[in-house]
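Only a predicted model underlies this, so the values are computations on that prediction, with no experimental measurement involved. Only heavy atoms go into these numbers, but all of them, side chains included; no hydrogens, no water, no symmetry mates.
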Amino acid sequence: MSGVYERIGIARKVQRPTATEFIEQIFDNFITFHGDRYFADDKSVIGGIATLEGRAVTVIGVQKGHSVKENVKRNFGSPNPEGYRKALRLMKQAEKFKRPVITFVNTPGAFCGIGAEERGEGEAIARSIMEMARLKVPVISIFIGEGGSGGALALAVADEVWMLENGMYAVLSPEGFASILWKDASRAAEASELMKLTAEDLLKLEVIEKIIPEPESGIENDLKFTTDIMKNALIEKLKELCAKSTEELLQGRYDRFRKFGNYIE
């Protein structure tokens, strides 16, 4: 098995801390909000308001579980359209009350069931991307595990994108890549070497701005090591972003994502 594919295994470990655990460690006074006001409350997306060193913030995360029962409840971290619509509702509320937004991303991708398609999965993701691009408050997105396709991007159109040392972010899974390219999902380890999906690769490509270290003993054994670093970094970066005017914030976000189009050209 390749080194990269082993890293992907770490990102997918069922013992890996979930969004809830990060929120509990970093923020105070977290209050959870529910529902998208259209269809249902998607349990794979959590969100609400909290404080960070006295500053009110909106926090949103894709939630997985540590057991089969909990993962079934959370749909294995694959949101339905109502999950993205709930997240967007909270982001627009944050804009109204001038609260920064922090998202925690850990998803293999949006749920691809028939019901999700019938309820407009593609539209929900596209609208989230569009609205985040013009959100008039600071946005920081942090990849704490997997980041798969548009399901991850829908919560990662941010002023800065950070990633844990053993996180991953790609247009699709290595298994999907191998299935499409070679018609053989068993070549996923080989595919992972080509995809440039590790934190180091993405930092070099300027897809992310920061890598947050994990303890050598495993993040599941010492979450505080990572959350202490993350909390301090968030406090400092929010001071910087909140000092910017709305025009500066939106222009910076536009420029951040526009440069990827320049790469293609």
Side-chain angles (χ1 to χ4, degrees), residues 16-34 44-64 77 83-84 86-107 128 131-145 147 152 154-167 169 199 208-215 219-220 222-246 248-250 252-253 256:
R16 194 168 179 85
T18 65
T20 296
E21 290 162 87
F22 280 92
I23 292 169
E24 289 172 350
Q25 288 275 343
I26 295 170
F27 303 95
D28 299 313
N29 310 308
F30 180 61
I31 301 172
T32 307
F33 292 167
H34 299 278
S44 64
V45 176
I46 60 169
I49 56 174
T51 55
L52 179 63
E53 206 181 45
R55 186 192 298 276
V57 295
T58 290
V59 187
I60 299 164
V62 182
Q63 180 71 10
K64 289 187 178 181
Y84 295 111
K86 173 167 66 173
L88 181 56
R89 178 175 75 84
L90 296 182
M91 287 188 275
K92 296 301 288 184
Q93 181 194 75
E95 182 180 59
K96 178 179 178 180
F97 292 102
K98 297 179 170 56
R99 293 192 297 262
V101 174
I102 299 158
T103 69
F104 292 93
V105 183
N106 185 15
T107 178
S128 184
E131 294 288 355
M132 286 189 81
R134 60 191 186 190
L135 211 61
K136 296 176 183 177
V137 292
V139 184
I140 298 175
S141 295
I142 307 172
F143 284 77
I144 58 174
L155 295 177
V157 182
D159 302 297
E160 289 215 353
V161 178
W162 301 350
M163 183 176 288
L164 295 195
E165 184 180 344
N166 289 307
Y169 185 17
I208 65 172
E209 280 74 27
K210 184 187 289 292
I211 298 174
I212 299 171
E214 300 181 27
I219 194 170
E220 65 274 16
D222 188 5
L223 178 58
K224 191 175 186 299
F225 173 89
T226 296
T227 54
D228 282 351
I229 295 170
M230 191 184 292
K231 181 175 182 177
N232 291 331
L234 283 170
I235 290 168
E236 291 305 310
K237 182 52 64 174
L238 286 179
K239 285 178 184 175
E240 177 188 321
L241 293 174
C242 288
K244 294 185 177 184
S245 67
T246 300
E248 289 175 316
L249 204 64
L250 292 176
R253 200 179 303 151
R256 183 190 187 281

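- Val157 and Arg253 get closest at one heavy-atom pair: O-CD, 4.2 Å.
- No side-chain donor-acceptor contact under 3.5 Å links Thr107 to the backbone of Ala152.
- Residues Ser141 and Leu155 fail the side-chain proximity criterion, which asks for heavy atoms closer than 4.5 Å.
- A 4.5 Å side-chain heavy-atom check between Ile144 and Pro17 finds every atom pair outside the cut-off.
- Within 6.0 Å of atom NZ in Lys92, more than 12 heavy atoms from other residues, nucleotides or ligands are found, so the atom counts as buried in its surroundings.
- With Thr32 contributing its side chain and Gly48 its backbone, the two residues share no donor-acceptor pair below 3.5 Å.
- Ile26 has its side chain within reach of Phe104: a pair of non-hydrogen atoms, C-beta onward, lies under 4.5 Å apart.
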Go through the steps for Val45 and Tyr84 under the test side-chain contact (heavy atoms from CB on, under 4.5 Å), then give the verdict. CA-CA 8 Å; Val45 176; Tyr84 295 111; 5.6 Å; no

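- Each of Ile60, Val137, Thr58, Val139 was checked for a side chain to side chain contact (heavy atoms under 4.5 Å, CB included) with Met91, and the lone residue meeting it is Ile60.
- No donor-acceptor pair closer than 3.5 Å links the side chain of Glu160 to the backbone N or O of Ile140.
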Could you go step by step and tell me if Met132 and Val101 meet the side-chain contact (heavy atoms from CB on, under 4.5 Å) rule? CA-CA 10 Å; Met132 286 189 81; Val101 174; 5.5 Å; no

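- Distance CD1/Ile142 to CD1/Ile208: 11.5 Å, rounded to 0.5 Å.
- The shortest side-chain heavy-atom distance between Gln93 and Ile49 falls under the 4.5 Å cut-off.
- A donor-acceptor pair is defined here as one N or O able to donate and one able to accept, closer than 3.5 Å; such a pair exists between the side chain of Thr226 and the backbone of Pro213.
- Exactly one of Lys64, Gln63, Gln25 qualifies for a side chain to side chain contact (heavy atoms under 4.5 Å, CB included) with Thr20. That residue is Gln63.
- For the side chain to side chain contact (heavy atoms under 4.5 Å, CB included) criterion with Phe143, the lone passing option out of Val161, Thr103, Asn106 is Val161.
- With a 4.5 Å cut-off on side-chain heavy atoms, Leu249 and Lys136 do not count as touching.
- Between Leu234 and Val57 there is no side-chain heavy-atom pair separated by less than 4.5 Å.
- With hydrogens and angles ignored, the 3.5 Å screen pairs no side-chain donor or acceptor of Arg99 with any backbone N or O of Arg55.
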Test Ile102 against Phe27 for side-chain contact (heavy atoms from CB on, under 4.5 Å), laying out the working first. CA-CA 11 Å; Ile102 299 158; Phe27 303 95; 3.7 Å; yes

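- Taking each heavy atom of Pro100 and Leu238 in turn, the nearest pair found is CB-CD2, 3.8 Å.
- The shortest distance between side-chain heavy atoms of Asp159 and Arg256 does not fall below 4.5 Å.
- Glu131 contributes no side-chain N or O that, together with a main-chain N or O of Leu88, makes up a donor-acceptor pair within less than 3.5 Å.
- Taken to the nearest 0.5 Å, the CE atom of Met163 stands 8.5 Å off from the CD1 atom of Ile211.
- Shown here for Ala154 and Ser128, the closest heavy-atom pair between the two residues is O-OG, 2.6 Å.
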If you apply the rule salt bridge (Lys or Arg N to Asp or Glu O under 4.0 Å), what do you find for Glu209 with Lys237, and how did you get there? CA-CA 11 Å; Glu209 280 74 27; Lys237 182 52 64 174; over 6 Å; no

